[in-house]
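Note sheet for the following structure.
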Amino acid sequence: MSIGNRILKGILDEFTDSFGIKKLDEAKQFERLVNYALLSKIDPDAFSDPNVFEQVDVDGGSTFGLDAFALFINDALVANEDDIEIHRKARRMDVRFVFIQTKRSSSVDSGDLLKFVAAVRNLFAENPSIPLTDELIEARRLISEVFRVENARLFGSKRPRCELYYATGGGKPTDELLPGLLKAQEEALTDAVQEVGAATIKLVDADYIIDAYSEIENRFRVSITLEKSVPCDNIEDVVQAFIGFLPAQQFLKLIESSDGSLRKHVFYENVRDFQGDDNTVNNEIAHTLADPVMLDKFVLLNNGVTVVAREFSNIRATEYEIGDYFVVNGCQTSHMVYRHRDAVRENGALKIPVKIIHTNSNDLIAKIIRSTNRQTPVPDEAFVSLDKFHKRLQEFYRIFPSDPQDRLFYERRSKEYPSVREAAIERPRIVNLHSQIRSFASVMMGEPQLVMSNNPSTILREHRTRLFVEDHKFTPYYLSALLLFKYHVLQSRGRIDGRFNYARYWLCWLARMTMDMRVDVGPMNSGKTDERCEQMVARLSDEEFCVRLFAAAIETFEHARTGFTSNNIVRKGELIRLRQFRDELRTHMQREISAADRARTPAS
């Protein structure tokens with residue numbers, strides 16, 4: 001069965017080109033598109049690493065009724081226990097368990113829907129009656145971690161939500177019995193899984209997927225009426241700028257999507273994420289919004305919202321069209337207005353102070369982000385990608401290397417490369433801060449276990465003296481990202497066994513040592529290190545060499561894994577988080593390299 005909706009099929013074709021997954025069959029391509037559209041609406045940064053597609057995919061071919069699972073805490077995708085610990089330290093845990101089942105059919109199959117719900121119930125059951133695959137065992141481990149006492153006490157009065165999405169390639173269902181079936185299954189699931197506060201089941205159709213994808217890609221336009229504003233004088237690198245206020249109804253157009261959900265991606269550039277309802281400042285905002293007497297004073301009490309837009313045009317009189325925009329300051333205000341939207345939308349007394357800046361200068365945008373977010377305490381690592389080192393690193397990526405097939409693009413800011421269709425940039429070629437941290441820490445620092453068990457922000461914070469240091473050469477950073485890219489390309493083409501994707505950071509580390517014939521790469525500020533890295537980059541332009549290189553890495557990894565697990569009972573998901581296993585592999589590689597050196601040295 002193929003997708004019949006031609007608009008949806010066009011989006012699927014663009015999506016598969018963008019992520020380089022043409023080799024997958026259409027059913028799996030569509031699953032990934034749906035996962036991308038649904039999960040990115042919750043966390044815009046969810047798929048900054050293309051390998052997240054494998055992480056959330058729990059359909060290994062034998063999985064009963066379930067395609068994808070994702071855990072979100074405070075609207076951020078969670079990959080491991082370290083991510084959970086970060087949120088625990090923030091003293092706030094708003095938990096969402098998200099399950100997805102995807103069908104290309106044009107209608108909802110009630111039998112498949114019931115199997116979907118049964119699969120979710122089985123995962124939460126104390127003693128699952130349906131055997132769990134490795135992927136679901138890992139999902140169950142994360143769920144159990146969430147419910148540990150030290151985490152559960154931070155739920156407050158808001159217990160975790162369980163959200164089920166059943167997606168098809170057709171239109172809105174017309175079966176009159178479906179609403180009753182959905183309600184009954186929601187109630188049954190809520191009763192069966194007592195740890196969750198509520199279970200919801202949402203049917204996702206073609207129109208929803210099309211709208212969600214367009215929104216995530218920032219291809220939507222919003223018309224607003226800006227009646228009260230003052231235009232700024234000519235400012236270098238600024239097309240136009242206005243300072244004024246928007247009535248609640250007009251402001252909500254900027255942050256609320258067509259389905260009524262919050263446009264999370266427009267806050268991506270706001271380095272301070274939403275701090276929750278219980279935050280002191282947000283609590284005060286809530287009291288003001290809930291008090292009719294105080295609504296007209298909001299414009300005096302609030303610092304306002306700063307919006308940076310690449311597209312902003314006057315349609316007529318006071319009506320403007322805005323596109324490709326981000327809220328770079330005012331995340332807390334925006335979230336609280338959204339939370340009170342039903343009460344304030346039509347209330348003309350509420351005015352939100354706004355500053356709208358129309359510019360295409362990345363440097364200016366970076367300065368605006370840094371300055372506007374300095375008004376409240378924000379960790380220094382939140383600004384790291386705005387530093388001079390990263391600007392120079394981005395420039396280095398732009399000119400290096402000479403072979404077009406090895407071109408990568410360092411993205412300091414979200415959506416810096418938005419015109420994927422026009423520029424023909426495949427998503428795996430775009431390296432953002434988090435993916436650069438992961439690749440460098442594993443390949444160059446030799447710490448692949450850190451990447452599998454730690455959030456990139458944690459790695460950066462705890463290893464500041466080893467990452468992005470001012471005198472570091474740039475080629476080692478590029479090489480580490482290129483190895484991950486080469487692995488992804490070969491794996492997507494079927495030239496590397498996909499079973500080893502879980503160990504990709506380990507394999508790239510092993511590949512670097514095998515090429516370099518060194519365990520430690522050397523000082524990152526050394527010209528000799530830089531020269532060797534350039535030579536390795538050049539060698540990676542040969543695809544057959546890459547295939548042999550990763551085959552050798554897989555052989556080494558498997559040999560070490562077999563030996564280690566014969567003496568230690570440990571699952572593969574736990575193995576790649578162990579420093580002890582890293583140390584054994586490192587020792588093994590040192591012996592192999594030393595033996596090779598002796599073999600090359602003539603006997604005296």
Side-chain angles (χ1 to χ4, degrees), residues 74-75 90 92 222 224-233 235 238 240-256 262-309 312 320 322 325-341 343-345 347-359 364-380 382-383 386 413-414:
N74 302 333
D75 288 342
R92 182 174 73 91
V222 175
I224 58 171
T225 301
L226 188 59
E227 292 183 352
K228 303 295 183 182
S229 66
V230 177
C232 298
D233 289 336
I235 302 174
V238 174
Q240 54 188 327
F242 297 86
I243 299 173
F245 60 79
L246 285 171
Q249 184 183 54
Q250 297 299 314
F251 180 75
L252 284 166
K253 290 181 181 180
L254 295 174
I255 64 172
E256 187 178 15
L262 184 70
R263 287 189 169 120
K264 288 285 296 181
H265 72 280
V266 303
F267 301 101
Y268 187 83
E269 295 291 0
N270 196 301
V271 296
R272 186 178 176 85
D273 201 0
F274 181 55
Q275 301 298 296
D277 297 296
D278 296 331
N279 173 270
T280 303
V281 173
N282 291 343
N283 196 267
E284 290 178 2
I285 294 175
H287 277 99
T288 302
L289 293 172
D291 186 351
V293 176
M294 294 296 292
L295 281 182
D296 63 341
K297 301 172 183 62
F298 187 87
V299 71
L300 304 176
L301 301 173
N302 191 270
N303 287 334
V305 175
T306 302
V307 180
V308 172
F312 190 67
Y320 292 82
I322 185 171
Y325 64 88
F326 291 97
V327 174
V328 299
N329 183 248
C331 179
Q332 312 307 313
T333 295
S334 300
H335 275 73
M336 296 312 295
V337 171
Y338 174 77
R339 273 164 155 67
H340 290 78
R341 62 193 181 281
V344 304
R345 189 189 305 274
N347 195 317
L350 178 62
K351 308 288 193 307
I352 293 90
V354 295
K355 186 188 301 177
I356 299 177
I357 304 168
H358 179 192
T359 180
L364 178 60
I365 293 172
K367 290 175 182 176
I368 293 169
I369 293 169
R370 182 184 289 273
S371 63
T372 56
N373 283 280
R374 282 299 189 193
Q375 296 167 9
T376 52
V378 178
D380 283 342
F383 296 108
L386 307 180
R413 294 180 50 255
S414 171

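Keep in mind it's a predicted model, so treat the numbers as computed, not measured.
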From [X] atom [atom1] to [Y] atom [atom2], the distance as rounded to the nearest 0.5 Å:
| X | Y | atom1 | atom2 | result |
| --- | --- | --- | --- | --- |
| His340 | Leu295 | NE2 | CG | 10.0 Å |
| Asn303 | Lys355 | CG | NZ | 10.0 Å |
| Phe326 | His265 | CZ | NE2 | 6.5 Å |
| His358 | Phe312 | NE2 | CZ | 8.5 Å |
| Leu289 | Thr333 | CG | OG1 | 8.5 Å |

*Donor-acceptor pair between His287 and Asp291 side chains, under 3.5 angstrom*: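 Looking only at side-chain atoms, Asp291 and His287 do not form any donor-acceptor pair under 3.5 Å.
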Taking side chain as C-beta onward, heavy atoms only, is [X] less than 4.5 Å from [Y]?
| X | Y | answer |
| --- | --- | --- |
| Ile357 | Ile368 | yes |
| Lys297 | Thr288 | no |
| Val307 | Val328 | no |
| Ile352 | Leu350 | yes |
| Thr306 | Ile356 | no |

*Applying the side-chain contact (heavy atoms from CB on, under 4.5 Å) test to Ile285, which of Leu301, Asn302, Asp277, Thr280 qualifies?*
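Option passing the side-chain contact (heavy atoms from CB on, under 4.5 Å) with Ile285: Asn302.
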*Do side-chain atoms of Gln240 reach the backbone of Asp233 as a donor and acceptor pair under 3.5 angstrom?*
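Between the backbone of Asp233 and the side chain of Gln240 there is no qualifying donor-acceptor contact (under 3.5 Å).
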*Mark yes or no for whether Arg339, through its side chain, and Met336, through its backbone, hold a donor-acceptor pair below 3.5 Å.*
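Absent.
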*If every non-hydrogen atom of Leu252 is compared with every non-hydrogen atom of Tyr338, which pair is closest and at what distance?*
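What the structure gives for the nearest pair is CD2-CA, 4.1 Å.
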_Stepwise side-chain contact (heavy atoms from CB on, under 4.5 Å) check, Asn74 with Arg92_ = CA-CA 8 Å; Asn74 302 333; Arg92 182 174 73 91; 3.4 Å; yes
*Do the two ring centres, one from Phe242 and one from Tyr320, sit under 6.0 Å apart?*
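Yes, the ring centres sit under 6.0 Å apart.
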*Does the separation of the ring centres of His335 and Phe267 fall below 6.0 angstrom?*
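Close enough - the centres of the two rings lie under 6.0 Å apart.
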*asked:* Apply side-chain contact (heavy atoms from CB on, under 4.5 Å) to residues Val222 and Arg263 and explain how you reach the verdict.
replied: CA-CA 12 Å; Val222 175; Arg263 287 189 169 120; 3.8 Å; yes
*Where do Cys232 and Ile243 land on the side-chain contact (heavy atoms from CB on, under 4.5 Å) test, with the steps shown first?*
CA-CA 7 Å; Cys232 298; Ile243 299 173; 4.1 Å; yes
*Could you tell me whether Arg345 and Glu256 have a side-chain N and a carboxylate O separated by less than 4.0 Å?*
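Yes, Arg345 and Glu256 are salt-bridged.
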*For the pair Val305 and Phe251, evaluate side-chain contact (heavy atoms from CB on, under 4.5 Å) and give the outcome as yes or no after the intermediate values.*
CA-CA 10 Å; Val305 175; Phe251 180 75; 3.9 Å; yes
